[in-house]
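Counting convention: from 1, in listed order, for ligands and their atoms alike.
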Amino acid sequence: MATAAHRIARTPEEDGPADEAALAVAYEAAFDAAVAADERIEPRDWMPDAYRATLVRQIAQHAHSEIIGMQPEANWITRAPSLRRKAILMAKVQDEAGHGLYLYSAAETLGTSRDELLDKLHSGRQKYSSIFNYPTLTWADVGAIGWLVDGAAITNQVPLCRCSYGPYARAMVRICKEESFHQRQGYELLLTLSRGTPEQHEMAQDAVNRWWWPSLMMFGPPDDQSQHSAQSMTWKIKRHSNDELRQRFVDICVPQAETLGLTLPDPDLRWNEERGHHDFGEIDWTEFREVLKGNGPCNEQRITQRRRAHDEGAWVREAAAAYAEKHTSKDTVQNGATRANNGAKDGEAAA
Ligand code: BYC
């Protein structure tokens, strides 16, 4: 039986000459039906231009966050306190690079090249997550990033595994599995520090104090100021609003902080029996907006380092392109030769 998604995969050519306006209406209706039926929209399906643009915006911002997000933690690779911690941290930072690759590939299925997206990141025309504009001052920050930043990422990203756009949803499945490992390593690191010497405990507490509020900002502006949420939820790109996910994250963190023996730096944090959730204090949205404008503590450093890494990697891209080119031409020659050979053999057989 043809599903709505199959119907929208049909192109105008397949439908034969018809009234273009009527076709556009039919495609839009089929797209809406596919979304309503929780079917996946795939790259070759018809989709509204605004849906495509929204996905490119969100996936690009997400991909950029993954690769910029390598920087704060990479800062501690050379100073990890043991070989075990160093190996774990290197694996984690490498995972983030991989996540960037899956996401840039997902964006490519929408017709946007990785070069184009990187160019927009480097020229400041596309954003990355606010969270990566804060410094990693001590080793405990690696733990706080794992517990809070990766924890917030999982809370936000698990629902994205059900995103209406197939390639993004599928990329998120693997990303979430890896993020879950990242979150646990951060939690275990903080637990070790918290149960260590008084100085180590204090270092863990200080890191949590500094990362708590920026982690809450990761979920984006409050719902009444979120310009994209309503449309993204109608399209089932987002499944929950920013405030819903933020609340879920706070509710998850409170008991975890108790087990860690650490406090969350919010005097207004308390259980609300009536709501069945924790109330929490006012987020400093002025700080959030300033970070988004480029005025956070590390914005300049992060983007400068990213541009430098890109420039220094130019020779790798050139070598890879030359290698691919060489193999394509070799394959073409070889395929040509094989075809000629096969032709000759067929001729022999016929003779
Ligand atoms: N930082 O209408 P809204 C990671 C922007 S990676 C910066 O609510 P939307 C990790 C927003 O883009 C973490 N900008 O937007 C990696 C929009 O501006 P534009 C990244 C933000 O899209 C390595 C404007 O504010 N995760 O976890 O409906 C190591 C209005 O917002 C932020 C993702 O990207 C922010 N925090 O919702 C460890 C997940 N918040 O584009 C961890 C996928 C909002 O109009 N993305 N803005 O100029 C999403 O789920 C959504 O895009 C957001 C925002 C919830 C972030």
Indicate, as side chain, backbone, both or neither, the part of N156 found under 4.0 angstrom from ligand 1 when only non-hydrogen atoms are considered.
side chain

Quick note on ligand 1: atoms under 4.0 Å from a heavy atom of K127 include exactly 14 (N), 18 (O), 19 (P), 48 (O)

Hydrogens and angles aside, do W76 and D141 bring a side-chain donor and acceptor to less than 3.5 Å of each other?
no

Whether E179 and K92 form a salt bridge (side-chain N of Lys/Arg under 4.0 Å from carboxylate O of Asp/Glu) is what I want to check.
no

Pairing residues for E258 by the salt bridge (Lys or Arg N to Asp or Glu O under 4.0 Å) criterion, not counting sequence neighbours
none

Do S65 and F132 make a side-chain contact, defined as non-hydrogen atoms from C-beta onward lying under 4.5 Å apart?
yes

How close does the nearest protein non-hydrogen atom get to atom 24 (C) of ligand 1, and which residue and atom is it?
Q227 OE1, 4.1 Å

For F132, which part has a heavy atom under 4.0 Å from ligand 1: side chain, backbone, both, or neither?
side chain

Hey, is E178 close enough to R174 for a salt bridge, meaning N to O under 4.0 Å?
yes

Close-contact set for ligand 1 against M217 heavy atoms, below 4.0 Å
36 (N)

Counting only nitrogen or oxygen atoms and a 3.5 angstrom limit, does S226 reach ligand 1?
yes

Tell me whether R162 is salt-bridged to D38, with the criterion being a basic N under 4.0 Å from an acidic carboxylate O.
no

Applying a heavy-atom cut-off of 4.0 Å, say which part of R57 lies close to ligand 1: side chain, backbone, both or neither.
side chain

Atoms of ligand 1, numbered as shown, that sit under 4.0 Å from any heavy atom of G220
40 (N), 44 (C)

Proximity of H99 and Y104 rings by center, below 6.0 Å
no

May I ask you to check whether Q61 has an N/O atom sitting below 3.5 Å from an N/O atom of ligand 1?
yes

Less than 3.5 Å between some nitrogen or oxygen of M218 and one of ligand 1, yes or no?
yes

So, regarding Y168 and ligand 1 (criterion: nitrogen or oxygen to nitrogen or oxygen, under 3.5 Å), is there a contact or not?
no

Side-chain donor-acceptor contact under 3.5 Å, D279 with N272
yes

At what distance is the nearest protein heavy atom to atom 38 (C) of ligand 1, and which residue and atom is it?
D150 OD1, 3.1 Å

